[in-house]
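It should be emphasised that the depicted structure is a prediction, and the values quoted were computed from it without experimental measurement.
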Amino acid sequence: KVDFLFLCDSKGALVASNPSGVFEEMIGETLSLRPFAEETRTQGKSIIRTIFPPTRPDPGEESPTSQILLIMAPIQQDSEFLGFMGCGLDIARINREFVHPIQSGITGGAWMINPEGRFIAHSDAKMVGKDAKAMPRKRGPGVITNKIDRLIQEEMLQGKSGMDDYVLANEGGGGREIRRLIAYAP
């Protein structure tokens with residue numbers, strides 16, 4: 001279920017939206033999302049970004065409580081850019097329904113990061129909003145960070161898919177090394 005849909009012309013002007021309460025007063029105006037429109041147009045492919053909700057919905061409609069996952073796709077005919085279509089999903093709902101329930105073993109869980117490397121969904125709600133690139137170092141002494149840092153920087157944030165493992169030393173005290181498995185996709 002998407003929280004809203006919208007359609008813009010080649011200049012980024014809003015042509016239509018659903019539900020009507022999200023963007024109704026902005027029909028005909030150029031959206032503040034125009035930098036994304038330019039990126040969608042120049043790259044000629046879909047983009048995904050995280051944003052805060054644009055406006056409050058109509059009374060009685062559910063209001064997103066967190067950031068929105070914005071997905072935009074260009075509309076083209078031959079090589080001519082005609083506009084773009086977009087939708088928004090409430091990240092808190094994605095976390096609640098799809099990420100948080102995933103449990104791997106005793107301590108493993110799922111998470112999502114945005115293009116800047118911040119957790120936007122995590123099986124541990126306290127991690128949402130934190131910088132994934134800095135997290136291993138903040139876990140305490142003895143944490144082996146090189147591999148997870150490399151995976152985040154060179155694989156995940158570059159839009160690659162794959163599987164690997166990494167080691168956390170001294171997890172839970174007692175000097176134990178825990179090998180963790182990781183799978184990732186854009």
Side-chain angles (χ1 to χ4, degrees), residues 1-100 102 110-122 125 127-135 151-162 183-186:
K1 174 189 167 214
V2 298
D3 292 288
F4 60 86
L5 294 167
F6 61 94
L7 178 66
C8 291
D9 65 16
S10 62
K11 295 178 181 144
L14 186 66
V15 176
S17 70
N18 188 29
S20 60
V22 176
F23 289 115
E24 186 173 16
E25 70 281 356
M26 296 173 67
I27 296 288
E29 292 182 26
T30 301
L31 295 180
S32 62
L33 304 175
R34 187 174 162 107
F36 294 156
E38 184 64 15
E39 187 176 352
T40 301
R41 186 186 68 76
T42 58
Q43 292 184 9
K45 63 181 184 179
S46 300
I47 63 164
I48 300 174
R49 296 290 181 268
T50 53
I51 64 166
F52 285 96
T55 60
R56 293 233 175 254
D58 289 335
E61 292 181 11
E62 189 174 323
S63 175
T65 58
S66 69
Q67 286 186 320
I68 296 293
L69 187 64
L70 180 69
I71 304 168
M72 293 176 40
I75 301 169
Q76 296 175 321
Q77 184 172 23
D78 300 320
S79 61
E80 183 184 0
F81 176 74
L82 302 175
F84 59 90
M85 184 170 193
C87 70
L89 301 126
D90 180 4
I91 293 175
R93 186 171 45 79
I94 293 170
N95 194 20
R96 187 175 54 253
E97 294 178 15
F98 302 105
V99 176
H100 186 74
I102 297 174
W111 42 271
M112 293 171 60
I113 57 175
N114 68 8
E116 290 76 41
R118 293 204 169 275
F119 291 110
I120 58 171
H122 198 289
M127 300 294 281
V128 173
K130 295 185 178 178
D131 187 348
K133 302 177 303 293
M135 291 315 300
L151 289 170
I152 291 170
Q153 292 286 356
E154 297 175 14
E155 301 289 323
M156 294 176 205
L157 293 178
Q158 300 306 313
K160 297 179 182 176
S161 299
Y184 47 91

If every non-hydrogen atom of [X] is compared with every non-hydrogen atom of [Y], which pair is closest and at what distance?
X      : Y      : result
Phe6   : Leu14  : CB-CD1, 3.7 Å
His100 : His122 : ND1-O, 4.2 Å
Asp9   : Val15  : N-CG2, 3.7 Å
Asp3   : Asp90  : OD2-N, 2.5 Å
Arg118 : Gly129 : NH1-O, 2.9 Å
Ser46  : Ala73  : OG-CB, 3.3 Å

>> Run Leu82 and Ser10 through side chain to side chain contact (heavy atoms under 4.5 Å, CB included) and show every step you take.
In response: CA-CA 5 Å; Leu82 302 175; Ser10 62; 5.8 Å; no

>> If you apply the rule side chain to side chain contact (heavy atoms under 4.5 Å, CB included), what do you find for Leu7 with Ile75, and how did you get there?
In response: CA-CA 10 Å; Leu7 178 66; Ile75 301 169; 3.4 Å; yes

Who passes side chain to side chain contact (heavy atoms under 4.5 Å, CB included) against [X], sequence neighbours left out?
X      : answer
Ser79  : none
Val99  : Ile94, Asn95, Ala110, Met112, Ala121
Glu155 : Arg150, Leu151, Lys160, Tyr184

First locate atom [atom1] of [X], then atom [atom2] of [Y], and finally report the distance between them rounded to the nearest 0.5 Å.
X      : Y      : atom1 : atom2 : result
Cys87  : Leu70  : SG    : CG    : 7.5 Å
Asp131 : Phe119 : CG    : CZ    : 8.5 Å
Ile68  : Ile91  : CD1   : CD1   : 7.0 Å

> Excluding sequence neighbours, so at least two apart, what forms side chain to side chain donor-acceptor pair (under 3.5 Å) with Glu116?
Replying inline: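 Per chain and number, Glu116 pairs via side chain to side chain donor-acceptor pair (under 3.5 Å) with Asn114.
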
> Would you call the rings of Phe81 and Phe84 parallel, tilted or perpendicular, where under 30° means parallel and over 60° means perpendicular?
Replying inline: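 Ring orientation, 0 to 90° scale: parallel.
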
